[in-house]
Each structure stands twice: as structure tokens, then as C-alpha cells.
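Here is the naming used below: chain letters follow the sequence lines, and residue numbers restart at 1 for every chain. Just so we're clear, the structure is a prediction, and the values are computed from it rather than from any experiment.
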Amino acid sequence: MPTVVLMDSSLSMTRPVSQEGSEEFQRKNLAVHGLTMLFEHMATNYKLEFTSLVAFSSLWELMVPFTRDYNTLQEALSNLEDYDKTCLESALHGVSNIVQQEWGSTCPCQVVLVTDGALGIGRGSLRHSLHTLKQRVEDKKFPLPFPFPAKMFIMCIANVEELQSTDAMDNLEQLIGLNGGEGQIFTMEGPLCLKSVQSMFGKLIDQAYTPFYAVLHCGNLASDVQVFPRPEPVLVDEEVDPIPKAVQTDLEIVGFIEIADISSPPVLSRHLVLPIAVNKEVDEVGAGTTEDAEEEPSANQMAGKSPNFCVLLHGSLKFVLLNQNNFYSKKKSNLMMSLFEPGPEPLPWLGKISQLGPISDAAENPYGEDDSKSPFPLQPKNKRSYAQNVTVWIKANGLQTDVQKILRNARKLPEKTQTFYKELNRLRKAALAFGFWELLKGVAELLERECTLLPDSAHPDAAFQLSHAAQQLKLASTGDSQYSAFNHNITPLHTDFSGGGAGDRM
Amino acid sequence: IMMFSVSHKTAFVVDHCPYMAESSRQMVECDMLTKSRGQGVIPLAPVSKSLWTCAVECSMEYCRILYDVYPTRKLVHYIVSDSEFHSLNSWRQEDQSTQELMAALASVGPPNPREDPECCSVLHGLVAAVESLCAITQYQHEARRTLMDVADRVANRGRIICLTNAKSDTHVRMLEDCVSETIQEQNKLAAGSDRLMPIQRCELVLVHIYPQGDDTLVSDRSRKELSSVLSSEVHSVRAGRHLASKLNILVQQHFDLASTTITNIPMKSFLCVSVTLKEEQHANTSANYDVELLHHRDAHLEFIKSGDLHMAGSTSRDSGLKETVTLKWCTPRTNNVELHYCTGAYRISPVDVNSRPSSCLTNFLLNGRSVLLEQPRKSGSKVISHMLSSHGGEIFLHVLNSTRSTLEDPPSISEGCGGRVTDYRITDFGEFMRENRLTPFSEGVLDASGRTSSERAKAQLERHTRYWPMIISQTTIFNMQAVVPLANLIVKESLSEEDVLTCQKTVFNLVDMERKNDPLPISTVGSRGKGPKRDEQYRIMWNELETLVKAHVGSSERHQRVLECISACRSKPPEEEERKKRGRKREDKEDKAEKNGKDADEKAWPDSERLKGPQEREKEEQTESEMIKDSPDSPEPLNKKPRLMSEEIQPPQKSKGPVSLLTMWTNRITATSRKHEVFAGRLNSVNNKAELYQHLKEDNGMDLHENGKATR
């Protein structure tokens, strides 16, 4: 989940914070301090996250495009200049464009807006934007909700009382509301100081940037892993009491499936599964003192040298199915977990996940002894229309083609007797279903005419078959239940000339 | 779409009154070939469809598309109305197919123009449709059952599509009022019934069909709320082509469908190309090989959001009512082993299912090939955005992710945990995965202990991994072909007698290998020099084998017997304490031993002997000598050391070192004969001789010793 840090660089951010100590801080300094803390956290614990930095006032500027290089971000942060007034709407448009250009509109993103809560005055102010929400024309819509799934975290370098003394808090809440309620407003508690800004960003980190640790199990084999990006709970679109479904921290492998059988399935999200050192606590403590820091490389080396199930799995993997809705695939040499849509049957061609069992329970190996077969894909009970030669006469040429097929075969009787009757019966069935008796009569007439047009050289059987077929169609067109039954088929006439008749006589 | 939205139930009410027998006056020329035949032949007069035929075929087309895209959970109840109503199917899933409906329609036949128009009305059908909407479908029933205490929260909504020929706007209003009143009545009834559900929402779609050339007597009207439950809309449509495109639009609206046109299809890639060209010539039409598909509109989500929808070749067709997104066939094909990052897959239905290009494309896909599709972009750049692929006879439009991945440039696995280890049992784990592949079982199949299929799969993984060293240097037994039969069997939940014999045979093999002093694939990693001595190697091997079997000993009595066989046959007792003590001594002695070139482990031997009673030992001696004599094909030891052992150590201390498998087994039988039932073979034995496992030799016609060698 890429992050856009949207930093308020308006003049109001330079307001000094009353400090008891000697040093004087601006709100901007506090904001930079908080963001530095966030970047440091990400650089150590969340380093695969792509982050970009956008500064805004009445204009906006992309200071750092999406990167994992937190030094660059930090550097840009410390070189931020101060500009004029706050204009959030255009900045949010900017965010929307930046994200869509880079990640499209399906990739979920997080927007961290850092502001002092002075949201501008007059035109361009958030208040003005929100007041005019309903008077927008199509191409001047308010940027929220974003076209991509987004969480909006608003970090206020101000405390609640200050925000509530104006309508700032209301406006920010409305902003979260416009984002579909996805997000949260953070404010500072107590005096505006380094400590309270740290505590506020600490809450953000807990909320949105804690790494997802899990244990990958395969029977008794297991590996501690970090799943990145962390899987977010999914709301199942059902009517009754939707509860977000979260991925559990125990990832259990249920069994394995060939990659060709799973066959490019639709997934909700994809995640890297990275093996991590078993003792997380040691690592976290270790970062504290220099002595431990020196030991860290050796700890890492140790971890590198002890066998890890993840690496084994990655090495051997073709495909693994995890409990309920996850699977792993090997791609570009990384262990990857993809999440299926929650539900009993995320892939129609695999059937219900809970019904997948070990092949050893099957009477015979469904893959065959030489892997020549596969139990997948499952075949649906009914064939789709395009797989069953349906008859559609909505367009005239559909009907014309079917009639022509019959006539073409009629001229090649008796060689084409089977095809002739097959096409004839197909037309008969559809005409009966559609109540199109007129067509049956018409085709009967056509066949009778063909009969009269037969050349002298024609096989005598042709005439018999044509008049027989014509007669049968006419009978069907009367609606007489004896002749117009849907499942009845017109069968070739047994004649002295046809093979069957000759056989009978012998 | 919510679980039970209005589209869960669609009741079709088709007017079957005498006036529907009237001609639509749209003429179809079906005698095309005659024209080219020249003079003398009088072509057949064009035929025309009745209003009924038009209504029926368009409604069938609606159902065809619906069933293609939603094979389940979207249900149709088809009702025909004349002097009474005729129900052609039910809400049951089994009844949901166009085949079934076609058969039922054939039995109804076209309207009888001679029937008394006074008795006939579409109202009978509308009333039946309302009643039908109150009936619970199997899906609603299941939802109510699972929700139990909140069963009343299962929604009941539906849609009635009425195809009729109305007299006037007043007539239409009368129909609407009738539906509205019937809903009120039926809802009262349903409120007091467990088997019915009141209708919470009903959409009435009235389609007035009139012949071509006539003026319509009914005016179009967009959706209007008639009550809190009922909304109604009126479409006044000419029969024929217009009706067809109206219902096509309706099915798209009702089921959130969108249209994609596949263009640039290289017809050369289809086998049917020649036929197509021939037909196109005959039909005298221009060659248009585009194929239009319908599917859930979410397949276009990315276009809609990015504003690329109109750029993506979106054009209006059929009198500007319908939009389609054009995607280009992309020539580099994809294979099905490639795993694309796909964010959605949606079933398709071809708009023109029988047209040549359409059936060529669908057959191509049904034969197992996939096609990548390219989307033209605003910027003029092109990007592969979709893929068509079939799974189990169903074609899906896959949405592929075409933007930058947030997972790019991940850390190398070799730099992470376990990344420096080089001797993972990759091949073995590959085999493990093959054995633990999954297959679908029928619903609700539980095993004896009540486990579901996936629980059984997990239980199997648990058993298979009770002892599974991850790296080659951590294991000896899994590097030995000779152990494979036992290792494969012991993980099973239950063993047959035959399995036990196979395991025992494996053990005997190992015993024999040890007696012949065959080298073992012991890892030398982490040890100086050549690694442990041969007998130490066997001790390690036996220990590991015991560890493996012990992990499964609780599974059954037969598993237990395999362990007993090992304990009896192995060269060292499994006593933990003893082993550790000796292990420590051994380490101290190892260097010396290497220098001296002598076996330093002599002192450890008596430990095993001490455990045996004097009688047993005596028997061992006896049977052993017999056994050795009776094994003429036992080959000479391969190196000198074992011969030294047998010459130097065996005579004074008696029955030391590896003894013959039969001796071992006989001892074991003696010791445990009271605990277990006597082996059939033993009852027939002569002097405790090899008759015991005679059939083993019969089975493979090979001597056990040879077998042991052969498998290595």
C-alpha cells in the first residue's frame, strides 16, 4: 500500500509554538519531527513501502516521487520551504493524479496529511470546497472519494480544543466522510511539543504501519514470516452484519495444486512472504544499544545459515494452497501470497475450497500415475450457450444460415442424409419452441420444390427423403401432439434404395 | 450485487393470448440460395414471425445471456398467460436452463388465434408471477436456515418482465394496479406463512410489443414508484430487431453487464477461416470479424475510473443505446502455466452466439487456449489489460493488472533467513508436494472421525511432517533409496499387513547392508576428516530411522510393530542414556581411533548383550550358525575391517556385531510371542528356518541381500 505524505507548507505552519524552554519551535518543526519518526520507523520495519512526499500551499508540488529511499525523503523534508495559504482541494487532486499515474486505480493507498488545521480562507479553503460540493460540474468534482481505495490519515499539529474552536474539526471529519469513512484524524494531546508529536505519530504507526508477522505452517514444518504489504481486513459484500474478515497470523498450508490448474485466478491482493529471524524481541531490543548493534550482523548470519522452511518451500514450489483463501505462487523468485475473495468458492474451476482433500483419499490418483491427468478444472453441470450449438434467429442471417445448411445438404442426398436430418431436426426443435410454425411450412415447401428440381441424374433416394422430410415438417406445423413433440426427431425414411431398406430385404 | 437483490428472482410473463399470434410484419427472406439459381425457379415468399415468436425468442436470448454470465443464484420463473397461466419451470436451480424452457415452450405452442379473446388475459400470468415472487428459493431457504434468529433479515425482492401487447396507456395502468394489489394481498398471506416471504421490492418491467408499421398505442415511461414496494416502467417496442436490442439492453441493466468488442481477430488462426470466407461471399456482407461479448461491468472498472472508457475505443452501436469497449487481440499468446496478476475474472456471453467469428473465437478458447487483449490508452500507448481464457468449459474475461507493482524489487531470498543454506531437500519437498496435492471431493463427505476434506488434508500434512529434516546434511535415511519403502508407508494413517511386511523387509535390508558393511550417505559437513566410522554411521542411521517410526507409533498397532521390528533388528539398543554416554566417549576416542586404525567402540558392545537373557543368546548362536551356513549367496564382505571384527571379536564374546536378520527376528518372535498372535509362517516353520518369510522371496524372486544392494 503506497503512502503519499501530503505536507502543509503554508505560512501558518511557521507559527511558533509556546515553549517553556529556551528553544523556539514552529509547528512545521514539530511536523518534520513527527514525519522523521515515521520515516525512521518505515526504514527499519516497513522498508518495502513506497512513499512519496507532496508539499502544498495554494499550489502543490511533488517533492519526492514514490521511493523506498527514506534518506531522500528525509532530506526533502528538511529542505521544505514555506509558502502562502492552504488550498487542500487542489492538493488532493494532485495526490489523486500522482497515485493513478503510478499505480492505477485498483491499488489501495494511504494518504498522510500533515497540517496545522488552518485550512485556508475564502476561495480554495476547505470550508469553501465543502460548501460548494453540490454545485460542481462533471469535470470539477471534488477529488474525494479517490478513484482508488484510500485511507486518509490526518495528522493535526494542533490539539482538539484549537480545532474545535473553529470549524476545522468539522471540516476534517467531513473530509474523512467523503472518503467513505476510510481514515482517521489524529490530534496532539497536551501542549504542542516534541513529546506529544511523537506520541501522535506513534499512534499512526501502530494504526497503519505495524508489520504483519505470521507463522507459515505446513504440518509440523513452520517458519516465522513477515507478510508485506500487510493484509487488510476485507468486508464481505453481504447484507447481514458484515464483519471485516482479517487474515490470521497462522497461515496454514492445506495442500498443493498445480499452477496450470489454478490458472491465473482473480485475487484481491498479493503479498510477499519474507522469512524473518525467529526471535523478534531480540532484534527490536538489539537496535537500541551500540553493543547489541554490533552483534546484529552475526545474528543475521546465524539466521541465514539455519534452514528455513520458507526457503525450502520457495525452492520447491510450484503451487501451494493455503487455508480458506490464500495461495502461494512462485514468481520472479519470491514467495508470494495472494488472497482470494473470501467465501466458500473463490474459483469456480476449483470448486469449494473446503471440499478439497488429499489425493491419497481418492480411490485412484486423480492426477494419474504419470501426472497425465488432473481433477481440475471442475466442469459445471450445464454447458454454456457457446458450447452447445444453440439456435438463435434474432438476426435474419441466423435463420438464413440454418435454412441454407438444410438446402445444401438436401442437394447432396443421399450422401449427406445424416447431416441433412440433423440440421432439419435442429431447425424443427427451435421452430417448435418459438412457435414459428410458419417457418416449418415454408421449409417444407422449399424441400418439395427441391424435389421437383432434382436432375434426372439424381439418386432416386433423394426424392423420397425430401418429400418425407417435407411431409414430417408439415405435420409438425399443425401442432398435432403426435408430430410436434419437442423431443421427437424426424428419422430418415427407409427406402428400397437406402442402406437400411436394402438390408431389411435381404 | 447484494445477496438477494432484485435480480435474484426474475419472473417472465409472456402474453399467449390470440392477438399475440398476429404477424410482426418483419419479413425474413429464407430462400437465399434460389436467387443465384436463375430463371424458372419461383423463390419462396418471405416468412414473418408472430408477435409471440418475437417475444419468445427475445426472452430466450435474455435467459441465454443471463445463464451464461450467472449460472447460479440468478433465477428465472417463466410464465405464459392466456385463459389461465402456465408455469413453464420453477425457481429450482435444476430448472434453470434454456433447453428446459425451449422444451416447455414447444409444448405450449403458438397462441391459438381462435381462442375466445374475452377469457384471455396477461393478468393471469401477472398474478401468478407475484405469487411466485413470494415463494422461497433454495438460496433464500439456505440463508434463512443459517441465519436462524435473524432469518427475517433475508431479503425477498424480485422483478417481473411482462411481454405483452397492450391496448392503451389505461390498459397498462390497469395491469400495474393489478400487480400492486396482488402484491398487497400476497404479502398479507405471506406474513402468516413459514413457506412464503413477503415481497419487499418488486420491479415491474412492462414491454409493449406492436407490429412493424403500426403506430404504438402505448407510450414509453421511465421507472416510477407506484408504492413503497412496487416500481414500474413501460417500454413500447416494435417487434423484431428493436425488441431484441431492447431486451439486450435490459439484461445488461438488470444484471450490471457491460460490453466488450474484440477486434483485430486474425481469422487465420482459426481452422474455420475458409468456411467463413466462403459464407461471407455468399452472404455478400463485408468481412467484419469483431466479436462482441457481454460480462459483468466490473471488468471495465479500471477504464471507468481512469476516464479511459471513451478513449478505449468505446463506441455506440445499435441506434446509440449501447456502449462497447473495444479491445485488440494481442498476438503473442500466453501459456496457461504462466500466472498472471489478475484482479478479476468474469464469465462472458457472446452477443451473437451463432455468428462465425463468435463461434470461432469461443471454440478457440474452449480448446484451452488463452488470448491476451490490448487496450488503447489516452496517451496513445498500448497496454495489455485483459485476457480471455476458459476453465472447465466456461469462458472468463480476466482483468490483468497493467500498472506498476508495489511488490517490485523485493529482497533476495538468499539474503534472508535460511538463505545461506545450500543443501535444502528441494527435490524431496517437490515430491512431498506432489503427494500432498489436493483433489475435490463431493460435498459433505466426512471420514470415520468426522473430518472434512480439508481437515483430512491438513491431518495428512501433519503426519507427513512429523519427522521431515529440511536439509540433506541433517538426514541419513532420506538420502538412502533403501529406506524409501518404509518412509513412504509409515506416514500413512493406517497400515495393511502387507505394508507392515514391506516395512519389515526394508529393515531387514538395512540389517543386511550393515552386515555387509555397505557405506552410508552420511553427511561429512561439520566434521573433520572422513566423518564418522562405518558402525557409527549405522548407529546414526538406526537412530534416525527410529525417530521417524517413533513419531508414528501412536497411529496404530501395526505402526508399533514396525518399531518393534527395528528395535529388534538394529545394531544398537535405542536406550537414550546409553547412547548419549557412549556418544560422548566416542567423540573423545574418535581421534585416537583414527590414528590407531582400530575400532575404538568395542566396549560399547556388551551393553546390548546385557539386555538379553542367557537363553536368548544361546538361541542366537544356534540359529546364527545355521543361518550363515544356509546363506550361500551371501557375498564376501567388501573390506577388511568387518572381517577383522567377525574374526577377532565374535568368537570370544559370542553373537556380537551385526547378526543375521533371521536370528534377530526369531529372537524377537520368541520374546513377544506371548504378546502377539503367532505368525502363520512360524507355525509352519522347520527349525525356525527361513520359511518364515518365504513368500517375500516368491514375490520378487530375488534374494533379500541382493535386493538390498540393488536398491542402492
inquiry  = Please classify the contact of Arg434(B) with chain A as side chain, backbone, both or neither, using a heavy-atom distance under 4.5 Å.
reply    = both
message = Under 4.5 Å from any heavy atom of chain B, what part of Asp361(A) do you find: side chain, backbone, both or neither?
response = both
request  = Ignoring hydrogens and angles, state whether a donor on the side chain of His391(B) or Ser263(A) is under 3.5 Å from an acceptor on the partner side chain.
outcome  = yes
request  = Start with the C-alpha gap between Thr106(A) and Leu301(B), add the side-chain angles, then the distance that decides, and say whether side-chain contact (heavy atoms from CB on, under 4.5 Å) holds.
outcome  = CA-CA 9 Å; Thr106(A) 47; Leu301(B) 207 59; 5.7 Å; no
inquiry  = Is Pro366(A) close to chain B through its backbone or its side chain, or both, or neither, when contacts mean heavy atoms under 4.5 Å?
reply    = side chain
key: Per-residue contact mode, Ser405(B) against chain A (heavy atom under 4.5 angstrom)   = both
request  = Measure distances from Cys107(A) to the heavy atoms of chain B and classify the residue's part below 4.5 Å as side chain, backbone, both or neither.
outcome  = side chain
ask   = Passes side chain to side chain donor-acceptor pair (under 3.5 Å), Ser359(B) versus Thr362(B)? Steps please.
value = CA-CA 5 Å; Ser359(B) 63; Thr362(B) 51; 5.6 Å; no
note = Of Glu61(B), Arg64(B), Glu394(B), Glu462(B), the largest count of non-hydrogen pairs under 4.5 angstrom with chain A goes to Glu394(B)
Thr465(B) (side chain) donor-acceptor with Asn220(A) (main chain) under 3.5 angstrom = yes
query = Any side-chain donor-acceptor pair under 3.5 Å between Ser105(A) and Gln100(A)?
reply = no
query = Of the backbone (N, CA, C, O) and the side chain (C-beta and beyond), which part of Leu399(A) lies under 4.5 Å from a heavy atom of chain B, both, or neither?
reply = side chain
ask   = Is it the side chain or the backbone of Ser107(B) that comes within 4.5 Å of chain A heavy atoms, both, or neither?
value = neither
query = Counting heavy-atom pairs under 4.5 Å to chain B, which of Lys381(A), Glu102(A), Lys352(A) comes out on top?
reply = Glu102(A)
message = Checking side-chain polar atoms at under 3.5 Å, does Asp68(B) have a donor or acceptor matched by the opposite partner on Ser385(A)?
response = yes
ask   = Among Pro377(A), Ser223(A), Ser481(A), Ala433(A), which residue forms the greatest number of heavy-atom pairs with chain B at distances under 4.5 Å?
value = Ala433(A)
query = For Trp103(A), is it the side chain, the backbone, both, or neither that has a heavy atom closer than 4.5 Å to a heavy atom of chain B?
reply = both
message = Please rank Ile65(B), Asp352(B), Val108(B) by heavy-atom pairs under 4.5 Å with chain A and give me the top one.
response = Asp352(B)
query = Non-hydrogen atoms of chain A under 4.5 Å away: do they reach the side chain of Leu101(B), the backbone, both or neither?
reply = neither
task = Assess the side chains of Trp393(A) and Asp402(A): does a donor N or O sit below 3.5 Å from an acceptor N or O?
result = yes
inquiry  = Given heavy-atom pairs under 4.5 angstrom as the criterion, report whether the side chain, backbone, both or neither of Leu243(B) touches chain A.
reply    = neither
key: Side chain proximity check, Met336(A) to Val273(A), heavy atoms < 4.5 angstrom   = no
query = Which answer fits Lys395(A), side chain, backbone, both or neither, if we ask what part of it has an atom under 4.5 Å from a heavy atom of chain B?
reply = side chain
message = For Asp409(B), which atoms come within 4.5 Å of any heavy atom of chain A: side chain, backbone, both, or neither?
response = both
task = For chain B, find which of Ala431(A), Gly398(A), Ala362(A) contributes the most heavy-atom pairs closer than 4.5 angstrom.
result = Ala362(A)
key: Met60(B) portion near chain A, given a 4.5 angstrom heavy-atom threshold   = side chain
key: When Glu431(B), Arg404(B), Met102(B) are compared by non-hydrogen pairs under 4.5 Å with chain A, the top option   = Arg404(B)
request  = Would you mind reporting whether Met20(B) and Pro110(B) have side-chain heavy atoms less than 4.5 Å apart?
outcome  = no
task = Supply the atom-to-atom distance Glu408(B) CD to Leu272(A) CG, rounded to the nearest 0.5 angstrom.
result = 11.0 Å
request  = Check whether any side-chain heavy atom of Pro440(B) sits under 4.5 Å from a side-chain heavy atom of Leu378(A), and report yes or no.
outcome  = yes
query = Checking Asp371(A) against chain B: side chain, backbone, both or neither under 4.5 Å from a heavy atom?
reply = side chain
inquiry  = Does any backbone or side-chain atom of Val392(A) lie under 4.5 Å from a heavy atom of chain B? Answer side chain, backbone, both or neither.
reply    = both
Selection from Glu94(B), Arg466(B), Gln26(B) maximising heavy-atom pairs under 4.5 Å formed with chain A = Arg466(B)
Phe441(B) six-ring centre to Arg456(B) NZ/CZ under 6.0 Å and within 45° of normal = yes
query = Does a side chain donor of either Gln460(B) or Ser360(A) reach within less than 3.5 Å of an acceptor in the other side chain?
reply = yes
remark   = If you tally heavy-atom pairs under 4.5 Å between each of Ala21(B), Cys58(B), Ser50(B), Pro71(B) and chain A, the highest tally belongs to Pro71(B)
Proximity breakdown for Glu435(B) and chain A, heavy-atom pairs closer than 4.5 Å = backbone
inquiry  = Does any backbone or side-chain atom of Phe396(B) lie under 4.5 Å from a heavy atom of chain A? Answer side chain, backbone, both or neither.
reply    = side chain
request  = Could you look at Gln96(B) and say if it's the side chain, the backbone, both or neither that has a heavy atom under 4.5 Å from chain A?
outcome  = backbone
query = Does a donor on one side chain sit under 3.5 Å from an acceptor on the other, for Asp261(A) and Ser374(A)?
reply = yes
ask   = Do we see a donor-acceptor contact under 3.5 Å between the side chains of Thr452(B) and Ser354(A)?
value = no
message = Can you tell me which portion of Phe50(A) sits under 4.5 Å from chain B's heavy atoms? Options are side chain, backbone, both or neither.
response = side chain
query = At a heavy-atom separation under 4.5 Å, does Lys383(A) approach chain B through its side chain, its backbone, both, or neither?
reply = neither
inquiry  = Taking Phe434(A)'s backbone N and O only, do any of them form a donor-acceptor pair with Thr53(B)'s side chain (distance below 3.5 Å, no angle check)?
reply    = yes
remark   = Comparing Arg68(A), Gln388(A), Lys429(A) against chain B, the one with the most heavy-atom pairs below 4.5 Å turns out to be Arg68(A)
request  = Name the option with the most non-hydrogen atom pairs under 4.5 Å to chain B; the candidates are Phe376(A), Phe66(A), Phe436(A), Tyr386(A).
outcome  = Tyr386(A)
key: Toward chain A, the part of Arg241(B) with a non-hydrogen atom under 4.5 Å   = neither
task = Name the region of Ile394(A), side chain, backbone, both or neither, that has any atom closer than 4.5 Å to a heavy atom of chain B.
result = both
inquiry  = For Phe228(A) together with His271(A), are the ring centres under 6.0 Å from each other?
reply    = no
query = Do Ser23(B) and Ser48(B) have side chains that get closer than 4.5 Å, going by heavy atoms?
reply = yes
Geometric cation-pi criterion, Arg437(B) with Tyr367(A): 6.0 Å, 45° = yes
Contacting region of Leu407(B) [heavy-atom separation from chain A under 4.5 Å] = both
request  = Between chain A and each of Val28(B), Val69(B), Asn363(B), Ile395(B), count heavy-atom pairs under 4.5 Å; write down the option with the most.
outcome  = Ile395(B)
